[in-house]
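Here is the structure we will look at, set down as structure tokens.
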Amino acid sequence: MLLNSNMGTAQPHKIKVAMALMILWVLVRNGRVSCKVVLFIFGDSLIDVGNNNYLNGTLSKANFPWYGIDMGYGKPTGRFTNGRTVADIVGDKMGLPRPPAFLDPSSTTDVILKNGANYASGGGGILNETGDLFGQRLSFYRQIELFQGTREMIVRSIGSDEADVFFKSAQFVVAIGSNDFLNNFLLPIYGGFWTYNADEFINHLLETLEKQLIVLHSMGARQLTFIGLGPLGCIPLGRIMNLFGGYQEYVNNLVIKFNNAANQLLQGLSTHLSDSTMRFSDAYRMVLEIIDNPQKYGFDDSRTPCCTVGVIRPTLTCLPISSLCKDRTKYVFWDEFHPTDAANEIIAHQIMSNIF
């Protein structure tokens, strides 16, 4: 549920989105715009759809079995799950085309005008240094730089006036920040572990995120949803690292602090940036609810991954030598980090209820 659940503020957001879509429809009918409403997606492995496949220097890839087994023809799609990402499902529910990975050579100007683009990268974070352990990856700043190039490309193609309408009518989704904790602040090999205390690190994240979202706004982003972090202390990796197999409450408390601050940030930006609707969507409560009460949502297991190498834990990623659970629809987690397609379906439904 959205942390700011005041219905008085939710209704204007709905009206603004509806009006923007109506204006675009009228412009299209009048022949003034030849493009449609699309999604631009930024984030990490939770919504990467294959960008990392085109990064030769990364250790963070999902281009081997059994990733993608329940999507298309069962071949790896670059998604870090067995099927769809949350962003895939949200876009489907909104009736928007699925944006391809930006680094895919087939992502031409015409393709982006019709389908948008996904810049998300496994291992990426809000901070540039986050995920160094994986080698090459796209930080949020780097994703924004690539989007800037996209904007310039679109302007050259259809002109600045039509490009302004195109980008201001597009939906922007940002889901990033998990790696800034899991693969930065919480690991002693990173400088953040030694440089900041918890509050200082969260403040540093939020100050950086604010600058990044302002830059996106300056490039035309007007309708943006930031998906908050899930309970990282409850994912299989977090539980296996706890000697008692329970939640890592310290990690969860960090996430809650970050989410609360991010919610306030988005509210402030939505108020102060001209003609903008920036929303925070709280995924934490829904994911925790699924983990705590799996049977209620049709799952049998919310503690262990579906894809494992026997009893060896943690295996971190799903490997070609791994064995799979008998019924993937009954598991909340696909690997040590990422939800299954079935769990993503429920999470996406909650995100949609937060947006509209």
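- Cys325 has its SG atom at least 2.5 Å from the SG atom of Cys307.
- Of the candidates Val49, Asp48, Val174, Thr150, Tyr119 forms a side-chain contact (heavy atoms from CB on, under 4.5 Å) with just one, namely Thr150.
- Phe102 and Phe147 have their aromatic ring centers separated by at least 6.0 angstrom.
- Using modelled atom types and a 3.5 Å distance limit, the side chains of Asn253 and Glu249 yield no donor-acceptor pair.
- In terms of heavy-atom proximity, Val155 sits nearest to Ala163 at CG2-CB, 3.7 Å.
- The residues Asp132 and Arg137 are annotated as salt-bridged, a charged nitrogen and a carboxylate oxygen being separated by less than 4.0 angstrom.
- Taking a 6.0 Å sphere around NE2 of His217, one finds it holds more than 12 heavy atoms contributed by other residues, nucleotides or ligands.
- Here Asp88 pairs with Arg79 in a salt bridge; the nearest charged N to carboxylate O distance falls below 4.0 Å.
- Salt bridge absent: Asp341 and Arg328 never bring a charged side-chain N and a carboxylate O closer than 4.0 Å.
- Asp110 and Thr108 share no donor-acceptor pair across their side chains, judged by distance under 3.5 Å alone.
- Using modelled atom types and a 3.5 Å distance limit, the side chains of Asp292 and Tyr247 yield a donor-acceptor pair.
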request  = Applying ring-ring contact (aromatic ring centres under 6.0 Å, His included), run through His338 and Phe333 and close with a yes or a no.
outcome  = CA-CA 6 Å; His338 307 98; Phe333 289 97; 9.3 Å; no
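- A donor-acceptor pair shorter than 3.5 Å cannot be found between the side chains of Thr130 and Asn179.
- Side chains of Tyr196 and Asn203: no donor on one and acceptor on the other come within 3.5 Å.
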